Enquirer: 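Quick one: structure below, then a few questions.
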Amino acid sequence: MSGSVSPTILVTGATSGIGYATARDLLDFGATVIIHGPNHQLVSRAADQLVAGGADGDRVYAVAADFGRLADVAAMAREVSGRFDRLDVLVNNAGVAGPKRRTVTPDGYELTFQVNYLAPYLLTRLLTPRLRAARGRMVAVSSGLHRTGSIDWSDPQRRRFYAPLAAYAQSKLTLTMFARAMAWNQVDVTAVSVHPGIVKTGLLSIYNQVGGPVDEAAAVLARLCWPEVEVLNGAYYEGLSPATPAPLVDTDSAVEQLWKLTYQMLGQHRFVPARAA
């Protein structure tokens, strides 16, 4: 794939697995790629590996943020906005499997819900001015397991009932609903969610299945990321094909309720979005 202008693409969770392979593919296609990792050591190592593998070092930019700390997410958004006046694509790939025991972040949220949903939500909202400047795209890495998820609106933090798989499924359900909500609410930013396949990554144990090659999933993500490849705004994809998501994703009242709930949760924090260039 090629284009007349090199796009700038941010891939979260890009130090290993699907994120790293996707970043490598995008660099091969000619993109400028911002790779994210949970700390500077890991993301710097990933950047060095990409360059050692043949990537142009001038097109690799590394940023670090612990998604278990929302202030880190906000700082990362400011760093990206300070360096780039436009962002063609944001790939919300970073994620964790639910820990065996319910874990609360320093921000006071259940860990899986924060890392897999609240942090990508916040990052996307803070980078929206840069995405709008490019009439860009947000790609959320979901999971087919989102169909097994449910939301207890009175207890989304799962204080009363916690199970790792249930927490993970809920986080992917809410991320998929967020992509649909963005499509409804944004006029200059396209948003899709995708289940790229079950592959051999650190999250494989939660599926209890045999995983396929990481490169196959990365090829799916890289194609959906490429600005010249048309996608259906708000759609949920399985591989490269639009698929039917969980019913809640298509329920207007539920999507609106999640939007309001998330806004209320993050409203207590003072996060300032970057100004559009």
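These figures come from a predicted structure and were not determined experimentally. Because only heavy atoms are used, hydrogens play no part in the values below, and waters and symmetry mates are left out as well, while side chains stay in.
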Enquirer: Going by atom types alone, do Thr176 and Ser142 pair a side-chain donor with an acceptor below 3.5 Å?
Expert: yes

Enquirer: Applying side-chain hydrogen bond (donor to acceptor under 3.5 Å, both in side chains), name anything that partners Lys100, two or more places apart in sequence or on another chain.
Expert: none

Enquirer: How about Thr112 and Arg158: does a side-chain donor come under 3.5 Å of a side-chain acceptor?
Expert: no

Enquirer: For the pair Arg160 and Asp152, evaluate salt bridge (Lys or Arg N to Asp or Glu O under 4.0 Å) and give the outcome as yes or no after the intermediate values.
Expert: CA-CA 10 Å; Arg160 292 189 296 270; Asp152 181 345; 2.9 Å; yes

Enquirer: Please determine, by modelled atom types, if Thr174 and Tyr121 share a side-chain donor-acceptor pair under 3.5 angstrom.
Expert: no

Enquirer: Mark yes when over 12 heavy atoms from residues, nucleotides or ligands other than Gln49 sit less than 6.0 Å from its CD; otherwise mark no.
Expert: yes

Enquirer: Just verifying a value: how many Å separate Arg102 CZ and Gln157 CD, rounded to the nearest 0.5 Å?
Expert: 6.5 Å

Enquirer: Do the side chain of Arg137 and the main chain of Ala191 share a donor and acceptor less than 3.5 angstrom apart?
Expert: no

Enquirer: Can you give me the closest heavy-atom contact between Tyr162 and Pro99, atom names plus distance?
Expert: OH-O, 2.5 Å

Enquirer: With side chains defined as the heavy atoms from C-beta onward, is the minimum distance between Val192 and Asn233 less than 4.5 Å?
Expert: no

Enquirer: Would you say His36 and Val43 make side-chain contact, with heavy atoms under 4.5 Å?
Expert: no

Enquirer: Apply salt bridge (Lys or Arg N to Asp or Glu O under 4.0 Å) to the pair Glu230 and Arg223, showing each step before the final yes or no.
Expert: CA-CA 10 Å; Glu230 293 187 5; Arg223 184 163 182 83; over 6 Å; no

Enquirer: For the ring pair Phe113 and Tyr117, is the centre-to-centre distance below 6.0 Å?
Expert: yes

Enquirer: Tell me whether the rings of Trp226 and Phe29 are parallel (<30°), tilted (30 to 60°) or perpendicular (>60°).
Expert: perpendicular

Enquirer: Taking all non-hydrogen atoms of both residues into account, name the closest pair between Ala23 and Leu50 and its distance.
Expert: CB-CD1, 4.5 Å

Enquirer: Under 4.5 Å between side-chain heavy atoms, hopping through other hydrophobics if needed: is there a path connecting Tyr236 to Leu145?
Expert: no

Enquirer: How would you list all residue pairs meeting salt bridge (charged side-chain N to carboxylate O under 4.0 Å, His left out) that involve residues 9-27, not counting sequence neighbours?
Expert: Arg24-Asp215

Enquirer: Pair up each side-chain donor or acceptor in residues 54-64 with any protein partner under 3.5 Å, not counting sequence neighbours, and list the distances.
Expert:
unit_1 : atom_1 : unit_2 : atom_2 : d
Asp56  : OD1    : Asp58  : N      : 2.9
Arg59  : NH1    : Leu27  : O      : 3.3
Arg59  : NH1    : Ala31  : O      : 2.4
Arg59  : NH2    : Leu27  : O      : 3.4
Tyr61  : OH     : Glu79  : OE2    : 3.0

Enquirer: Looking just at side-chain N and O atoms, do Asn92 and Thr124 make a donor-acceptor pair shorter than 3.5 Å?
Expert: yes

Enquirer: Can you check whether Leu10 reaches Val91 side chain to side chain, under 4.5 Å on heavy atoms?
Expert: no

Enquirer: Should Ile151 and Leu266 be counted in the same cluster of Ile, Leu, Val, Met, Phe, Trp and Tyr side chains packed under 4.5 Å apart?
Expert: yes

